[in-house]
2 protein chains.
Amino acid sequence: MQENLPKFDSVFTIDCVIFGFDEGELKILLIERNEEPFKGWWALPGYYVEQEESIDHGAGRILYELTGLRDIYMEQLYTFGDVDRHPQGRVITVAYFAMIRLNGQKELKPVNTYARKAFWHPVNELPKLAYDHTKIFERSLEKIRRKISYQPIAFELLPEKFTLTQLQHLYELILNTKLDKRNFRKKMLNYGILKELDEKQRGVSYRAATLYKFDKRKYARLFQKELSFNK
Amino acid sequence: MQENLPKFDSVFTIDCVIFGFDEGELKILLIERNEEPFKGWWALPGYYVEQEESIDHGAGRILYELTGLRDIYMEQLYTFGDVDRHPQGRVITVAYFAMIRLNGQKELKPVNTYARKAFWHPVNELPKLAYDHTKIFERSLEKIRRKISYQPIAFELLPEKFTLTQLQHLYELILNTKLDKRNFRKKMLNYGILKELDEKQRGVSYRAATLYKFDKRKYARLFQKELSFNK
DNA sequence: TCCCTTAGTGTAGAAAATACACAGTATATT
DNA sequence: AATATACTGTGTATTTTCTACACTAAGGGA
């Protein structure tokens, strides 16, 4: 089939930066390596691209094997192709990032056994990562920081129903800044992409906040109107 | 060297979308294919990644072979990895875009003979392209459209000395919109990233405009302050 | 000198961004 | 029942940025 095309003697992989929002912290999912190289180090989950799957499909597959979740928000981040990035030879890696809803107790149900060693790590106190994974992670953080300012990706990390304060906290975490409560609410509600529910927060020992949903239909109608947050 | 790693039986290439600004038009460099598949079609210039070079290096090499130019602004765009994108087998392609200064008469001096068949095509009247190259091109256009609004990449397409009107025309072309002359100048000059020269435009049969330079040092000092253009 | 063409300039009104503080309400505690 | 606690939810005035808009200045060509 490919007899006319020169082969490239290398390894082709996908690595994923998987973001979650849990206990007020932004976290990513890391795997502890139990083989050389980098035995005992933490690394981004990743795997080889299969011969007969697209790279997007490969990224989705890896995420599924790791978490048991499907239909997750994922996006290609960047391709890392330096010659010396892997000690055992030439490896080219397409990095993806994903955002998943942790929903409190919802435990991950890995399909693949290697995923047993996956744990959430707060992004503010990451260990040193294997290979060039720190670089990959940093790039993913820059990307979501930029992206959250003009597209509604934050909702991917929140439960389906959330309060405006939760949403604001998440923006503050990702943007690493303080936002003004009144201005944030004014602006966010003005976009017209949130649906106010009749429901209130439960289980808090103070005034319960109104819950909101992200309204995908309204957002689509705005034709990707860009959100922007300065202060 | 790579005995521990599974091989990926596929072809790995780089394609480049090379932008130029010439005669008031935004153009890209295309190659006419004289082999099957897509014999006689136009395609983005591209080539295989060498075994011992980084993909960034490969992109720079391809551009050099094609144009004789080095130290050109290039950036990785996206990696295309669908299974069926190449009729002869699995090909994964990292796309780059580049912006080069055409400077009027400065002809390209291709190093590689295959580059003889490269010609500039205005982006507004592109032919159908081979493979999924139309998709790649469209993505590159979206990217520079977004990017020009917050980073000074337009200067990469202009001669070193340019007038504010030339700069505005280029913004208008890329953004595909009209901009207000007074507002554009006010804003652009306010950024403080242009150096006004003592020199004037020459060879025009009307009042000669002042020439400006992009001041990289000042821009760097602003620490990537973001430019933005609405109207 | 006149004509042609583009350069270069200011201001007022509208919209968006920002800064800022307190009363309301649900729950827990005594 | 009263009180303490903790967070919700709201408005306005000021500053900044955005937008719309039109004429004089300058240079070259006829």
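These numbers come from a predicted model, not from an experiment. So you know, we letter chains A, B, ... as the sequences are listed, proteins then strands, and number each from 1.
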Pairing residues for B/His121 by the side chain to side chain donor-acceptor pair (under 3.5 Å) criterion, not counting sequence neighbours: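 Side chain to side chain donor-acceptor pair (under 3.5 Å) check on B/His121 returns nothing, list empty.
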Looking at residues at least two apart in the chain, or sitting in another chain, which of them share a side chain to side chain donor-acceptor pair (under 3.5 Å) with A/Asp82? none
For [X] and [N], what is the distance between atoms [atom1] and [atom2] respectively, to the nearest whole Å?
X: B/Leu179; N: D/dC18; atom1: CG; atom2: P; answer: 13 Å
X: B/Lys187; N: D/dT16; atom1: NZ; atom2: C1'; answer: 12 Å
X: B/Leu211; N: C/dG8; atom1: CG; atom2: C1'; answer: 14 Å
X: B/Asn190; N: D/dC18; atom1: CG; atom2: C1'; answer: 13 Å
X: A/Leu164; N: D/dC7; atom1: CG; atom2: P; answer: 16 Å
X: B/Gln168; N: C/dT6; atom1: CD; atom2: C1'; answer: 12 Å
X: B/Tyr191; N: D/dC18; atom1: OH; atom2: C1'; answer: 11 Å
X: A/Lys178; N: C/dA19; atom1: NZ; atom2: C1'; answer: 16 Å

Sequence neighbours excluded - side chain to side chain donor-acceptor pair (under 3.5 Å) pairs with any residue from [range]:
range: residues 153-166 of chain A; answer: A/Lys161-A/Glu199
range: residues 202-217 of chain A; answer: A/Lys200-A/Thr210
range: residues 128-138 of chain B; answer: B/Asp15-B/His133, B/Arg33-B/Tyr131, B/Arg85-B/Asp132

Of B/Thr93, B/Ile55, B/Ile14, B/Ile92, which is the lone residue that meets side chain to side chain contact (heavy atoms under 4.5 Å, CB included) with B/Thr79? B/Ile92
Contacts under 3.5 Å, N or O only, protein and nucleotides 9-11 of chain C:
from	atom 1	to	atom 2	distance (Å)
C/dG10	O6	B/Arg182	NE	3.4
C/dG10	N1	B/Arg182	NH1	3.4
C/dT11	O4	B/Lys186	NZ	2.9

Contacts of type salt bridge (Lys or Arg N to Asp or Glu O under 4.0 Å), residue A/Lys147, not counting sequence neighbours: A/Glu75
Considering residues at least two apart in sequence or located in another chain, which fulfil the salt bridge (Lys or Arg N to Asp or Glu O under 4.0 Å) criterion with B/Glu23?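 By the salt bridge (Lys or Arg N to Asp or Glu O under 4.0 Å) rule, B/Glu23 matches B/Lys27.
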So what does A/Thr163 hit on the nucleic acid, given a heavy-atom distance under 4.0 Å: a base, only sugar-phosphate, or nothing? nothing
Between A/Arg139 and A/Phe97, is NZ or CZ placed under 6.0 angstrom from the six-membered ring centre and within 45° of the ring axis? no
Pull out every residue in residues 196-209 of chain A that has a heavy atom closer than 4.0 Å to any atom of DNA chain D, ordered by number, or say none.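 Under 4.0 Å from DNA chain D: A/Tyr206, A/Arg207, A/Ala209.
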Given C/dT6, is OP1 or OP2 found less than 4.0 Å from the side-chain N or O atoms of B/Thr165? no
